[in-house]
Amino acid sequence: ERGRGFSPRCRSLHLNEDNGRFALLALLIVLYLLCGAAVFSAIERPSELRAHGRWNGTLLNFSETFNISLRDLNSFLREYEAAIAAGIRADALRPRWDFTGAFYFVGTVVSTIGFGMTTPVTVSGKVFLIFYGLLGCAATILFFNLFLERIITLLAVVMKAVRERRIRNSGLLPPGIRHDFSAYSLPGWKPSVYHVMLILGLSAITISCCASAMYSPVEGWAYLDSLYFCFVTFSTIGFGDFVSSQSAVYEYQSLYRVANFLFMLMGVCCIYSLFNVISIVIKQVLNWMLEKMSCLFCQRCNKASALLGRRNAIRPGSKGRHGRFGPPPDSDGPCDSDNEGRRLSGEMISMKDLAASNKVSLAIMQKQLSESANGYPRTVCGSSRQNGFSGGVGALGIMNNRLAETSNSR
């Protein structure tokens with residue numbers, strides 16, 4: 001954070017950038033959840049109340065018509081709810097625990113979709129699911145990350161080739177490079193995260209529209225419901241209110257189930273990649289907000305330092321209230337003016353201050369030697385830290401330095 005204009009007094013109050021980004025994101029997510037809860041409550045609550053009223057009226061009419069008490073009727077409905085949990089429906093459905101049904105179930109487990117239509121009811125099945133899901137979900141996340149790495153690389157190669165062709169055909173290159181453009185080849189060029197996000201978004205929309213065109217006639221759903229099912233499934237939310245391939249018999253059943261599997265696989269991979277690219281944009285917004293907040297804080301700090309400097313003017317032979325040593329001489333921050341003024345005024349330095357300065361210099365030297373010995377000198381990560389995208393784990397680590405917005409050169 002040197003070069004940003006923070007004095008030791010400012011830096012002590014300045015929140016660490018990564019922790020600040022995390023805290024700001026947590027706050028924004030809480031606000032996002034509150035807004036979402038308010039919107040969904042306003043939209044869905046009236047429908048829920050109407051459904052409760054209709055259901056209570058239906059129960060009362062059924063009880064009076066067939067002379068059944070409400071207690072006995074509710075007991076029967078609880079038994080039916082238990083039958084639904086076991087996979088029994090009024091309509092004819094496919095077996096849940098034959099090999100194809102079990103394969104569909106484990107696919108929803110390892111992909112973290114979890115529709116909830118099929119769940120284990122035995123103790124051994126629940127225990128096995130815990131260990132099976134632990135390994136399967138980890139392996140699937142690794143698969144999604146590797147897919148993300150390859151799709152980003154593929155898009156970068158294709159977009160770079162298109163850009164090179166466009167530059168070659170523009171006629172704006174010098175004659176020497178125009179005849180041997182392959183030697184030039186746009187060194188250091190990387191695709192923009194916005195272009196990658198646009199391509200992945202269009203791909204996700206195309207896959208969803210094609211899958212909905214298949215689900216709508218085969219499952220008997222409305223096209224909008226099919227689109228809703230595609231998003232809920234591809235994003236691995238998996239509510240379970242719509243579940244594909246559950247009827248006992250379909251026309252062209254084998255072909256439909258293969259197409260259903262392929263659409264889910266492509267859709268989940270595409271939406272996962274899109275979500276991670278969107279997270280880069282969100283991180284850019286957080287960096288911009290932190291930068292604005294840091295500038296505002298630094299301006300207030302500078303005003304306070306200027307006011308304090310006027311109140312405590314340095315006179316030959318006098319001592320200031322605050323410490324004599326600020327940042328090193330190469331620091332060009334605006335909060336260094338007080339310390340520089342004291343040096344230029346000819347004020348003598350005490351032995352205590354000299355010893356403290358030597359301790360700071362020794363600590364900095366030891367840190368640099370330690371970083372060099374461990375193979376990660378500070379100079380390597382410094383440029384990427386400026387953009388707020390250094391390091392990272394998982395998908396963020398994969399996209400680090402692969403896009404223009406996460407490049408070290410920015």
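Along the sequence shown, residues are numbered consecutively beginning with 1. Remember, it's a predicted structure, so these values are computed and weren't measured experimentally. The basis for the numbers below is simple: all heavy atoms, side chains too, and nothing from hydrogens, waters or symmetry mates.
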Taking V158's backbone N and O only, do any of them form a donor-acceptor pair with R163's side chain (distance below 3.5 Å, no angle check)? no
Kindly compute the distance separating CE (M264) from SG (C269), expressed to the nearest 0.5 Å. 13.0 Å
Ring geometry between F105 and W97 (parallel below 30°, tilted from 30 to 60°, perpendicular above 60°): perpendicular
Aromatic rings F115 and Y104: how do their planes relate, parallel, tilted or perpendicular, breaks at 30° and 60°? parallel
On a heavy-atom basis, which atom in L25 and which in I282 lie closest, and how many Å separate them? CD1-CG2, 4.3 Å
I'd like to know if the side chain of S216 reaches the main chain of S212, judged simply by a donor and an acceptor atom lying under 3.5 Å from each other, with no hydrogens or angles considered. no
What's the separation between atom CD in E64 and atom CG in L70, rounded to the nearest 0.5 Å? 8.5 Å
Atom CD1 in I68, atom CG in N74: separation rounded to 0.5 Å? 11.5 Å
Crowded around Y223 OH? As in, over 12 foreign heavy atoms under 6.0 Å? yes
Tightest non-hydrogen contact, residues V109 and G133, listed as CG1-CA, 4.1 Å
Given the options F263, W221, F242, F229 meets ring pair (Phe, Tyr, Trp, His ring centres under 6.0 Å) only with W221
Under 3.5 Å: donor-acceptor pair, side chain of T140, backbone of V110: yes
Taking every non-hydrogen atom, the tightest pair across E219 and S245: OE2-N, 2.8 Å
Heavy-atom count around F103 CZ within 6.0 Å, excluding the residue itself: above 12? no
Tell me whether Q246 contacts the main-chain N or O of R94 through its side chain, where contact means a donor paired with an acceptor under 3.5 Å. no
Show your reasoning for whether side-chain contact (heavy atoms from CB on, under 4.5 Å) applies to L77 and L59. CA-CA 10 Å; L77 292 176; L59 284 180; 3.7 Å; yes
Looking at R45 and E48, does any basic side-chain N land under 4.0 Å from a carboxylate oxygen? yes
Using 30° and 60° as the class boundaries, would you call the ring planes of Y256 and Y250 parallel, tilted or perpendicular? tilted
